[in-house]
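Single-structure report; data block below.
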Protein chains: 2
Amino acid sequence: MLRLSKLTDYAVVVLTRLDDATDGGVLTAPGLAGATGLAEPTVAKVLKILAHAGLVEGRRGALGGYRLTRPLADMPLIDVITAMDGPIALTACVDNSFGVCESESTCPVRGRWDPVNEAIRRALSGISIADLAGPPAVVPHPEPASPVFVAG
Amino acid sequence: MLRLSKLTDYAVVVLTRLDDATDGGVLTAPGLAGATGLAEPTVAKVLKILAHAGLVEGRRGALGGYRLTRPLADMPLIDVITAMDGPIALTACVDNSFGVCESESTCPVRGRWDPVNEAIRRALSGISIADLAGPPAVVPHPEPASPVFVAG
DNA sequence: TGCAATCCGGACCTTGATGGTCCGAATTGC
DNA sequence: GCAATTCGGACCATCAAGGTCCGGATTGCA
């Protein structure tokens, strides 16, 4: 399905929420859970991963919480995806691990996925989280009569 | 991981192999399995899906087999991915299914993934299977000194 | 100094999709 | 009529993702 994990989706939601109160203030995991409507342990898990990647900063103790390390406009989407889902690699045989593919000797596309990965990586680098949050996103109900579906 | 399924990878391999003998001749599933080194039922499954998508054409009976419906240069990669993995949609809440997201009312990125999907779709549309097969792919061993264990 | 709030790091389990296999039915050429 | 082959579906095993939970460490406050 060429889908990225739900955690990545949650991460974007959490980051945008975190941006709303980044004026020096921090937000706690339960607070973010309440603001986003997501389960508290899930939000905590997302925040931990994001903190590990350096996208957010956690402060322990009472009055602790999380805050952004940089504005969302300076945070390309690919950073979040890489943090949550790992590096962009459509196929396993594209990295430097040799010898793991049993049909290596007969594989005609060996190493040929690189430009594809590069194309996607480039497409994703030009989009920031701020672009996703965009203008105070109040998407008007997109006309339920029209069959809008994003087929490839 | 933003990965596509192995079946898609197999499909590209099978298609390129099929291109080698598309001069009017057809290739059987067992024949392709032998040529690619993949398991026979797996190849058959891939071919069935590709045939259903119209990318290859199957002919039954004795002397039957599969053949390409068009040259690989006219077959964009996105067609194969769509056939094998379904339509490109990074997140579930991007399609027309409304009301399935429990945090729909509070989600700040609602409908914001569309440009991302579009960017990826555009990046993938510009690459054909022929580009992946590329020049008679004999990738020069990039690591001659590394422990090369050819598993197969 | 003790207590409460909060993050941190990991283990754990469930669920769903994926990968892979197999079988019977239909079709075609000899 | 027979053999070869695709077609269509069902079936099962495996694995990663999604989600939950717990103990420990850190910080601020009374």
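Chain naming here is simple, since letters A, B, ... match the order of the sequence lines and numbering starts at 1 in each.
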Kindly list each side-chain donor-acceptor pair under 3.5 angstrom involving residues 68-78 of chain A, sequence neighbours excluded, with atom names and distances?
residue	atom	partner	partner atom	Å
A:Thr69	OG1	A:Gly54	O	3.0
A:Thr69	OG1	A:Leu55	O	3.0
A:Arg70	NH1	A:Asp74	O	3.2
A:Arg70	NH2	A:Asp79	OD2	3.3

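Take A:Glu57 and apply the side chain to side chain donor-acceptor pair (under 3.5 Å) test, not counting sequence neighbours, and it matches A:Arg67. Applying the side-chain contact (heavy atoms from CB on, under 4.5 Å) rule to B:Arg122 yields the partners B:Glu118; only residues at least two apart in sequence or on another chain are considered. For A:Arg59, there are no side-chain contact (heavy atoms from CB on, under 4.5 Å) partners at least two apart in sequence or on another chain.
Remark: C1' of D:dG8 and OH of B:Tyr66 are 10 Å apart, rounded to the nearest angstrom. The distance between atom CG of A:Asp9 and atom P of D:dA17, rounded to the nearest whole Å, is 16 Å. Atom C1' of nucleotide D:dA3 and atom CZ of B:Arg60 are separated by 16 Å, given to the nearest angstrom. Taking atom CD on A:Glu40 and atom P on C:dC8, their separation rounds to 14 Å, with Å as the unit. Look at CG on A:Leu38: it is 15 Å from C1' on D:dT20, rounded to the nearest Å.
Comparing D:dG28, D:dG18, C:dC7 by their nearest atom to the side chain of A:Lys45 picks out D:dG18. For B:Ala39, whose side chain is taken as the heavy atoms from C-beta onward, the closest listed nucleotide among D:dT6, C:dT21, C:dC7 is C:dT21. Of the candidate nucleotides D:dC21, C:dG19, C:dC7, C:dG19 has the atom nearest to the side chain of B:Leu7. Of the candidates D:dC21, C:dG19, C:dT6, C:dG19 carries the atom nearest the B:Lys6 side chain, counting heavy atoms from C-beta on.
Along DNA chain C, the nucleotide nearest to A:Leu47 and the one nearest to A:Ala62 differ in position, and the one closer to the 5' end is contacted by A:Ala62.
Contacts classified as side chain to side chain donor-acceptor pair (under 3.5 Å) and involving residues 37-51 of chain B (residues at least two apart or in different chains) are not found.
Residue contacts shown for A:Ala29 are limited to sugar-phosphate atoms, with no base heavy atom under 4.0 Å away.
Listed by residue number, the members of residues 48-59 of chain A with any heavy atom below 4.0 angstrom from DNA chain D are A:Arg59.
Checking the phosphate oxygens (OP1, OP2) of D:dG18, a side-chain nitrogen or oxygen of A:Ser5 falls inside 4.0 Å. Side-chain nitrogen and oxygen atoms of A:Thr42 include at least one within less than 4.0 Å of the OP1 or OP2 phosphate oxygen of D:dT20. An OP1 or OP2 oxygen of C:dG20 is reached within less than 4.0 angstrom by a side-chain nitrogen or oxygen of B:Tyr10.
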